[in-house]
Amino acid sequence: MPSLSQPPSIDVHDMHFSYGDACALKSITLAIPENRVTAMIGPSGCGKSTLLRCFNRMNDEIPGARVTHGSIHIGGIEIHHPSVDVVKLRRNVGMIFQKSNPFPRSIHDNVAFGLQLHGSQNRDLIAESVESALRSAALWDEVKDRLHDSALGLSGGQQQRLCIARSLAVKPRILLMDEPCSALDPIATAKIEDLVRTLKEQYTLIIVTHNMQQASRISDHTAFFYLGELIEFSDTLKLFSNPSNPLTENYIRGTFS
Amino acid sequence: MPPEESPSPQNQHCFQRRGFSYDRAIKYFFASNAGLTIVILLLIIVFLLKEGLGFFPGYRRELEIYRIAGLEFVDISRRNLTAHEQLSSVLNRAYFAEINGQCARELKRTREASAVFNSFSDQTSATRDLIVNNQNSGLDPNSEMLAALRKNHAIQKEKALTSLPATPHLTAAEREQLLASIRTRDATATDDPPLVTTLAQQYAAAQQQCAKPLAELRTVIDSFEAAGADLSTLVTEMTDAVTSTKEALQNADLLEQNRKSLLAAAANAKDPTERRKLLADAHASLAEKPDIEGPMRALMRRQPDCSATHTALRHACADILARLPPSLSQSDANRLLRAANKATPLLLDSLGQAPQQITQWRHDKPVPLSDAIRSFLTGKDWVTGGAWQDFYGILPLLIGSLMISFVALCLAIPAGVGAAIYINQFASPTEQSVVKPVIEFIAAIPSVVLGFIGILIFGTVLRDLSQLDALAWVPGFPIEERLNMFTAGCLLALMSIPTIFSLAEDALNNVPSAYAEASDALGASRIQTSFRVIIPAAFSGILAAVLLGLGRVIGETMVVLLVAGNRIKIPDFSAGLGSFFQPSHTLTGIIAQELGEVPLGSVHYRALFVVGILLFGIVLGINVTAHKFVSRTPN
């Protein structure tokens with residue numbers, strides 16, 4: 001196991017996961033540090049997205065999907081324990097999806113949605129939170145004059161940052177990102193990457209990506225998955241410059257078969 | 001291009017040799033299918049307009065005849081006469097309701113005794129008739145046969161005595177007396193049992209007794225009825241005069257039409273002899289212009305007489321009605337009395353205006369086309385096939401259709417949309433696989449089957465329910481008519497639920513799953529996701545589903561024809577919500593009912609086409625609006 005200087009925020013221990021009978025993740029043990037960006041890479045179907053969705057139990061909605069063995073602790077709490085409130089877990093563990101998915105409402109209402117969901121009624125308080133979330137997502141200056149226009153009128157990159165703002169508005173501690181830039185052009189991607197770097201001061205970020213340059217640019221730690229197993233997990237610098245496993249080396253060199 | 005890649009003309013299919021490729025042939029095939037449906041739709045619209053728009057000139061001519069023949073003039077008096085007659089009928093009903101209410105006990109007793117005796121007679125009358133016939137049939141009655149018949153009668157009598165109706169208002173002794181008199185009764189006896197006669201006499205006596213204090217009311221009613229005699233005579237006399245003028249005018253119109261078609265045929269005829277013959281025919285049928293001025297002058301001479309009669313009647317009525325008692329003792333009678341009191345000022349008002357209307361009326365005032373259109377769109381009467389005058393006013397039908405649709409939507413929207421939300425958002429897969437086909441299965445019930453279920457079960461059950469005392473607080477209860485707008489609305493709701501359900505469910509299904517995912521990831525519960533994200537996003541689709549359901553409801557024919565009661569009358573809105581329990585007719589029902597019986601090309605026939613056009617317009621408008629909403633749904 002790689003040694004980590006930070007206390008672990010997410011602690012996965014010998015976890016197995018299956019969709020019905022098909023085993024998707026095998027014996028994953030992983031400690032993700034706090035206030036760092038952790039990238040998860042690997043070929044398609046290697047299970048990295050499945051693992052990501054385990055962290056806020058988004059897999060609950062899929063019939064037959066379940067953790068068959070092992071455990072995931074977030075902040076010291078076993079998240080699959082029956083007493084855990086999924087709603088609270090998801091407030092603490094936000095998620096950004098591959099394709100931006102703003103609601104067909106105004107920009108303001110999109111960001112305020114999570115707050116209203118959790119019972120905020122005070123308009124001033126909501127407006128304040130919306131502004132600070134949009135500022136954190138580096139979107140405020142672009143939309144402050146049209147907060148009440150439809151969110152569907154924004155560009156793809158802006159929509160994705162709006163989704164980040166929407167997640168930030170409910171003040172999570174961890175932010176999961178499932179290939180957040182795969183549908184964006186290079187300029188929008190660069191903006192999101194800048195945003196990720198600033199966000200790590202306050203949040204723990206986990207980002208699934210297919211883009212190895214991106215992983216090397218923005219992450220502090222990188223995990224490489226292959227066929228449902230965690231092959232290697234270490235400092236990004238070490239993993240990309242001096243991988244300890246030949247599979248990892250083949251994958252990052254692009255000579256993977 | 002190398003020669004081997006291009007097939008020689010001999011190898012090509014005949015299509016290809018003519019410049020068609022297979023692709024283009026297939027494309028044209030499907031394009032022609034699509035084109036055909038559009039062409040057929042256009043043809044239908046053109047046909048509807050062609051048949052329908054001839055209505056307004058035809059109707060205008062009918063209204064013109066109505067005026068120049070003087071029917072309109074007579075109608076001023078007729079309306080007042082009818083109102084007067086209706087008011088006297090209400091007063092009479094109040095009078096008898098009062099008497100019968102006061103003699104309720106005697107009435108029930110005599111009815112029960114008669115019911116017992118009638119039940120006995122019904123069960124034995126066949127044999128009794130045989131005995132009587134046999135005895136009267138000749139000099140030599142068949143004694144053996146007679147004995148057998150008498151024996152049979154005795155058996156039937158015993159049997160009948162065990163199954164007689166209950167008599168809660170007769171004492172046990174009275175019932176025993178009645179049964180004894182029946183038991184000892186001879187088979188050929190014709191007189192009623194003594195108790196039946198006594199009770200009838202008692203009832204008559206009680207009626208007389210009750211009538212004594214009401215003698216004053218009786219005289220009031222009688223003099224009120226008598227006051228209308230002059231107007232009645234006047235109307236009858238005038239009616240005869242004007243109808244003959246009307247007939248003459250109509251015949252002249254027919255002849256003129258005939259002549260025109262003969263002339264048209266002559267113009268088209270190729271053979272010169274035939275043309276001459278047709279022209280001669282046309283000339284021969286040149287109609288004499290009927291004399292309308294003479295009868296009109298005669299009618300106008302009655303004007304002062306007419307005005308005077310109205311004024312006299314008004315004075316008589318005002319005097320008489322002031323003598324009505326303020327209230328009566330029976331609740332039924334009181335209700336009728338209140339209705340009479342409400343109708344009185346209207347009648348007096350109408351009678352008061354009549355002289356002015358009579359003097360101002362002019363038979364030569366022109367009837368513009370706009371009058372026909374206005375009379376169609378805002379007319380309160382749809383009267384057809386009558387001897388007097390036909391009116392084609394769409395209002396009673398339109399109101400019927402709208403009220404029935406309103407009831408249907410009030411029931412179908414919560415049921416259909418609610419079911420769609422439940423099935424799409426909350427139901428387990430097993431529930432989905434059961435409930436969805438079952439709801440869609442309702443659409444498979446033919447509407448005529450639904451209609452007779454509605455008549456036989458729903459209407460009867462509803463009326464019986466409405467008679468329960470516990471439900472008397474519901475407005476409109478107890479229901480008088482088994483077939484009414486509410487019943488029809490309920491069945492139409494049932495018919496439109498599958499449409500609304502399926503389309504609303506589709507709309508919910510079409511909401512991108514990314515919305516639900518985003519909402520879940522923000523920590524929304526299942527219900528929050530459904531009601532704050534999914535349903536708002538599907539809202540325009542759900543609205544479109546409701547509108548298409550409405551289109552289905554308004555256009556539905558069979559159920560309303562069978563169940564709505566088919567009374568062509570604007571409902572009495574004074575009953576409030578209870579007015580939904582009145583029968584009515586509808587735009588669709590009237591077409592289905594009358595189109596089969598009207599002469600082709602008549603004004604009535606064309607009126608039905610205009611109703612069809614209106615219906616088409618309404619449903620088209622609804623569907624276009626629904627389409628607008630569907631295209632607004634985000635994908």
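Below, read A as the first sequence line, B as the second, and so on, with proteins coming before strands; counting in each chain starts at 1.
The minimum heavy-atom distance between A/Arg105 and B/Pro536, with the atom names listed, is NH2-CG, 4.3 Å. Summarising the geometry of B/Leu522 relative to A/Val170, their closest heavy-atom pair is CD2-CG2, 4.4 Å, with the distance given to 0.1 Å. Scanning all heavy atoms of the two residues, the minimum distance from B/Tyr515 to A/Phe103 falls at O-CE2, 3.3 Å. The two atoms that bring B/Ala524 and A/Leu117 nearest to each other are CB-CD2, 3.2 Å, heavy atoms only. When all heavy atoms of B/Ala518 and A/Phe97 are compared, the closest pair comes out as CA-CE1, 4.0 Å.
Around CG of B/Leu36, the count of heavy atoms belonging to other residues, nucleotides or ligands within 6.0 Å exceeds 12. Within a 6.0 Å radius of CD1 in B/Ile445, more than 12 heavy atoms belonging to other residues, nucleotides or ligands are found. Summarising the local packing, CZ of B/Phe406 is surrounded by 12 or fewer heavy atoms from other residues, nucleotides or ligands at distances under 6.0 Å. Atom CZ of B/Phe539 sits in a sparse spot, with 12 or fewer heavy atoms from other residues, nucleotides or ligands closer than 6.0 Å. Counting non-hydrogen atoms of other residues, nucleotides and ligands closer than 6.0 Å to CD1 of A/Ile187 gives a total of 12 or fewer.
Of the two parts of A/Pro63, neither the backbone nor the side chain holds a non-hydrogen atom closer than 4.5 Å to a non-hydrogen atom of chain B.
Ion pairing between a basic and an acidic side chain is recognised when a charged N comes within 4.0 Å of a carboxylate O; A/Lys99 and B/Glu517 show no such pairing.
Judged by distance alone, with hydrogens and angles left aside, the side-chain atoms of A/Asn101 form a donor-acceptor pair with the main-chain N or O of B/Ala514 at under 3.5 Å.
Between chain A and the options B/Ala516, B/Ser519, B/Ser525, heavy-atom pairs under 4.5 Å are most frequent for B/Ser519.
Among the candidates A/Arg57, A/Met58, A/Met95, the single residue satisfying the side-chain contact (heavy atoms from CB on, under 4.5 Å) test with B/Asp520 is A/Met58.
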